[in-house]
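To find a chain, count down the sequence lines: A is the first, B the second, and so on, and within it residues start at 1. The structure displayed is predicted, hence computed values, not measured ones.
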4 protein chains.
Amino acid sequence: MPSSPHIQATPHTRQRRKQARPQELLDAALHMFVERGFASTRMEEVAALAGVSKGTLYLYYPSKEELLKAVIRERLSNEIEAGALEVERHVGTHAELLRDVLANWWLRVYDNPASGVFKLIIAEVRGFPEIAEYYFREVVEPGSKLIGGVLQRGIAAGEFRPVNVDATVQTLVLPMVMLCLLKHSLGACAPVTSLVEPGDFMNHHVALVLGGLLAAPAKVAKGKSKP
Amino acid sequence: MPSSPHIQATPHTRQRRKQARPQELLDAALHMFVERGFASTRMEEVAALAGVSKGTLYLYYPSKEELLKAVIRERLSNEIEAGALEVERHVGTHAELLRDVLANWWLRVYDNPASGVFKLIIAEVRGFPEIAEYYFREVVEPGSKLIGGVLQRGIAAGEFRPVNVDATVQTLVLPMVMLCLLKHSLGACAPVTSLVEPGDFMNHHVALVLGGLLAAPAKVAKGKSKP
Amino acid sequence: MPSSPHIQATPHTRQRRKQARPQELLDAALHMFVERGFASTRMEEVAALAGVSKGTLYLYYPSKEELLKAVIRERLSNEIEAGALEVERHVGTHAELLRDVLANWWLRVYDNPASGVFKLIIAEVRGFPEIAEYYFREVVEPGSKLIGGVLQRGIAAGEFRPVNVDATVQTLVLPMVMLCLLKHSLGACAPVTSLVEPGDFMNHHVALVLGGLLAAPAKVAKGKSKP
Amino acid sequence: MPSSPHIQATPHTRQRRKQARPQELLDAALHMFVERGFASTRMEEVAALAGVSKGTLYLYYPSKEELLKAVIRERLSNEIEAGALEVERHVGTHAELLRDVLANWWLRVYDNPASGVFKLIIAEVRGFPEIAEYYFREVVEPGSKLIGGVLQRGIAAGEFRPVNVDATVQTLVLPMVMLCLLKHSLGACAPVTSLVEPGDFMNHHVALVLGGLLAAPAKVAKGKSKP
DNA sequence: AATGAATGAGGGTTCATTCAT
DNA sequence: AATGAATGAACCCTCATTCAT
């Protein structure tokens, strides 16, 4: 940020570009890596998509590997930040909270280039164990704790049945991640007509699992009580 | 074929190898492609793992691409065959049938190189749309119909609630596929300690979803009076 | 271009090379292809002879085949251009014209890398039918028309006997082409001592054929009474 | 030749093949080498064309190079033998002798696989200087002497003008060799329509050169004597 | 800072040659 | 003698990376 008091909201083209470059390069790299895979993407393709020359790419990232790591880190750290804010500001039942947390994550991620990061990680992580470690520590564990915490408190409150928390987290979350993967693999090739529309699926999925999760009384509300 | 009772099960070295080669090569290729990715695997590595020279590989598969396709086709067609036999031979409630079908699939696939095929498909399919089409037509659709059929009949029998069948199939199946992916990506890097053990997860997962799936009466036994 | 009188004929190193490269590469390729044959020449050898690395070659020509085609096209189109200018600017008898056209062609071609193109074409054309077609359309036919035209006009003027024009063209031209071939094959191996020196041969060859070509009167001077 | 008195004109199949093999292999090799070039021909193609397996080829010729040399030597030695018989048995004028020698050579060679050997030599000889030396010593020199001798004697007899013998040999012979080359290169690709038919050409070619060669009186016979 | 020409190590593929059967 | 499976050296081509401009 320039020290001058005149906040230069949109600096002149050259300046603006220079500032925006890193992000544009990361965006281009994410797009190409997800579409063609890391090894099959040429640095020149990334550069071309970002509208710069091959050499320029190397001014910002010293190697292809570092570019990959930067791409993943940048997207994930954004996610982490956004996810952390979610839980506190909610009121209502734990079921509502769960629904909201998952739905918001979905809204934020699925129709967003960020969804591609999952494919990147699944596909490339074995070549970069440091990314595995980072991803696990910064995303999987905090995320599990977030969802798991809601479940735990719901159980304690008698709202949920006393399920295995970790397993339930996976039942809830893995299909969502899987849909992100499908979007960027099969979904990009075949007209995956027979699959449910992702938005619809989410609603049904959470409702279905909540059906198995809620303590019995919840069902009574639906007027299905017998005799 | 010799009519003598001494079945010459193992013809002499050269012959025996010739027969066994294709499978050995496919196994080696699957292993390497899953571990390192298609593009990053060198043909020489595949050959070395199979214990032959680079040239020999080309006696059996005319290119790296054809090797990939052969790997995927062979594993999938095996799966398809095995899967098709599953449903008929079961008796019991639809819930039991569902549990059995999923559990058997799991036993057959998870602790087996076949589980790697999912990673291959997710990671590489965009470069080979024909594989996408094949996978969709021969695996996704038949598989969905198999599980979906059980659900449908369970609903018709009043055993299951009238859920969205396709969405429920995904809630049931996607986490299983996702665990296969994780096994061959994150799971192969970090000691994924905080994740539930896959066998345990399966039991809990199916039970949980069945909980949301079964018509109310089943739950009545657990019925608690509402405060 | 600078208006200063100091014409910067040779821009600085990088630039200058960039401009000169294609020709240098074509020269090197012609040399190697003629010396070792197309299939036996390694791209690296061409590059080395041109003083660049293997990769650089591919910046200018996308494949070995395209390099071959470019080599042939470049040399031939130069020849064609030069040949077209030949006929108009001559005066004198048709015999003199014929002698001059052939002698000039010979001077231009024989002691020149261009002579190697004939060997390239004879040796490689079956693998590249498009080159055959190009060579025929752009070189053989126009060349035949050029020489044939002179003959035709000489015949019409009563200077030449009424010979078969096409056949005579071949009697005149084929030995010249053949000498080019020999220079780059046998001539490059054995000290072809017993062959006539090519310059001498040309003079004698044209004189000899003209001897058979000219209408009788020219010979009368030598006329000897029949016994 | 078997010492047994029963001349076994056509030994039984197996035997016959075994005896005929070397020639069949050489024929196949010549065909392929001429059509595709030495370097681009695969040993397996030669074997296939001869109807044997790759391994068998190596039972007869220890390497590809030796096969090439055998191909060339065999064809050339046949030619040499045939050519040597030509001159003695002729009577008539030297012009007639010349015409006959060239015409017979032409009949024996042009419509015969042997014509391909010239292409082989032009194309490949630089890689095999020994072949050059052999070809020069056994073919070029004897052949030149043969034709040159006829010319010399014709000159001595006053039938021919006192031309440069070596140069005239080339004017006579090179177009013939060149037509053999064209047959196997351009002629095999493009429909070489504008070229004279080779048989016609030969007649005209020899007549034309003889026209320049014969001492004047010969022309008188054609009734062109000027008053 | 930006460019893109140049490099050269690397990998897919071919094929002459070998050798067990 | 004949086969054809196996080998591995060789070669075309690609592309991450460097560096002069």
Roughly, in whole Å, what's the span from [atom1] in [X] to [atom2] in [N]?
| X | N | atom1 | atom2 | value |
| --- | --- | --- | --- | --- |
| R21(B) | dA5(F) | CZ | P | 11 Å |
| E45(D) | dG4(F) | CD | P | 17 Å |
| E24(D) | dA1(F) | CD | C1' | 15 Å |
| L57(A) | dA16(F) | CG | P | 10 Å |
| Q19(C) | dA6(E) | CD | P | 12 Å |

Subject >> Contact pattern, 5' to 3', of nucleotides 11-17 of chain E - B, S or - by protein heavy atom under 4.0 Å >> reply: SSBBSSB
**OP:** Have a look at Y61(A) and say if it touches a base, only the backbone sugar-phosphate, or nothing, with a 4.0 Å heavy-atom cut-off.
**Re:** nothing
Original post:
For F128(D), which residues count as a ring pair (Phe, Tyr, Trp, His ring centres under 6.0 Å) partner, sequence neighbours excluded?
Top reply: F38(D)
Original post:
Would a distance-only check, ignoring hydrogens and angles, find a side-chain to backbone donor-acceptor pair under 3.5 Å from E45(C) to R42(C)?
Top reply: yes
Original post:
Which of residues 25-33 of chain A sit near DNA chain E, with a heavy atom under 4.0 Å from it?
Top reply: none
Subject >> Distance test, side-chain N/O of S53(C) to OP1/OP2 of dT7(E), below 4.0 Å >> reply: yes
**OP:** Could you give me the CA-CA distance, side-chain angles and deciding distance for K119(C) and E124(C), then say whether salt bridge (charged side-chain N to carboxylate O under 4.0 Å, His left out) is met?
**Re:** CA-CA 8 Å; K119(C) 186 190 166 189; E124(C) 314 294 352; over 6 Å; no
**OP:** Determine which nucleotide pairs with dA10(F), using a 3.5 Å limit on both distances of a Watson-Crick or G-U wobble pair.
**Re:** dT13(E)
Subject >> Nearest-nucleotide pick for L59(C), side chain only, options being dA5(E), dG8(E), dT3(F) >> reply: dA5(E)
